[in-house]
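Only this structure's heavy atoms are used, side chains among them; waters, hydrogens and symmetry mates stay out. Indexing begins at 1, ligand by ligand and atom by atom, following the structure's order. Fair warning: this is a prediction, and the values are worked out from it, not measured in the lab.
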Amino acid sequence: VVGGVFFDPSLRTRVSMEAACARLGAHFVDLRPGEGSWALELRDGVPMDGAAPEHVREAARVLSRYADLLAVRSFPAGRDPEEDRREEVLRAFARHATVPVLSLESAMGHPCQGLADLMILRELAGGDLAGKPVCLTWAPHPKSLPQAVPLSVVRMAAVGGAELRVACPEGWDLDEEVMARAREMAAERGGRVVVHRDPDAAAAGAIAVYAKAWGPDRRAPSAAAARSELPRLDYWRVDARRMRLTMGRKGAFLHCLPVRRGVVVDDEVLEGPWSRVTDQAACREFVQAALLLSWLL
Ligand code: CP
């Protein structure tokens, strides 16, 4: 029994986990705290006289008696970067559960998405990603999104030894600790991680352009200031012209989904020969099934 605990919405993660469990003969329980199961208090030592009738301590301990694995999705609150980095929801489950806890995305990573991305990047590279150019490009978005997905892309591209080109405007740099570790890991595997300010240069000759919106880094202006800059950053939206700069003009377009058409990427790209986003999403089920098997066997 896999206990899925979703604090935030999901299409791919929820259904691919459920499908992987079904194919392996496991049962997936889909809990949404506050919507059909009790809202959870996460803070310790506070009188529980607010909206949440159950504490995460009891919830994690009790769920551990029914489920063999807990799988938790919790997006960052976005109030304070340091608070987000502490990943209190995921860590509270890890602390109080007596069974393994799997992250289905938190503030600093989306490991199952990262595994699926590594799978499709290896396919695109013909099996061996080492030394192959991959462009991870920042994209405009009306909301200031977490860095979880791009940080997992960086980690997994480094594991595969890719030449990863991270393209982003100044002020939107990715978490420096993760980048530094990825540079070391990539170097050990024949790859490297470089930052570009020009998305065209980063896309040139790449086997894939992976687009993702993420919020400004902690040293940059506030999210509101960043949003006000978005119109001038429209040229970061991925279009057919940029895709034609890729390897043999036929590099793949990747995105973890959901994606905002006409904001992050043009319809022409998603409907064109470049798009592999559906194949990428399909990889989620396979890597998660493999993850469950590796843990069971
Ligand atoms: N890529 C991804 O995690 O999709 P969902 O948010 O729909 O689960």
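Residues passing the side-chain hydrogen bond (donor to acceptor under 3.5 Å, both in side chains) test with Arg242, sequence neighbours excluded: Asp200. Evaluation of the side-chain hydrogen bond (donor to acceptor under 3.5 Å, both in side chains) rule for Arg244 yields no partner, not counting sequence neighbours.
Here Glu87 does not pair with Arg85 in a salt bridge; the nearest charged N to carboxylate O distance is not below 4.0 Å.
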Indicate every side-chain donor-acceptor pair of residues 261-270 with a distance under 3.5 Å to a residue at least two apart or in another chain.
from	atom 1	to	atom 2	distance (Å)
Arg261	NH1	Glu271	OE2	3.2
Arg261	NH2	Glu271	OE2	2.7
Asp266	OD1	Arg237	NE	2.6

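Between Leu164 and Val194, the closest side-chain pair of non-hydrogen atoms is not below 4.5 Å.
Near ligand 1, residues Ser10, Leu11, Arg12, Thr13, Arg73, His110, Gln113, Cys256, Leu257, Arg284 each place a heavy atom inside the 4.0 Å sphere around the ligand atoms.
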Problem set entry | Phe6 vs Arg14, side chain to side chain contact (heavy atoms under 4.5 Å, CB included): CA-CA, chis, key distance, verdict | CA-CA 8 Å; Phe6 286 84; Arg14 171 178 289 124; 3.5 Å; yes

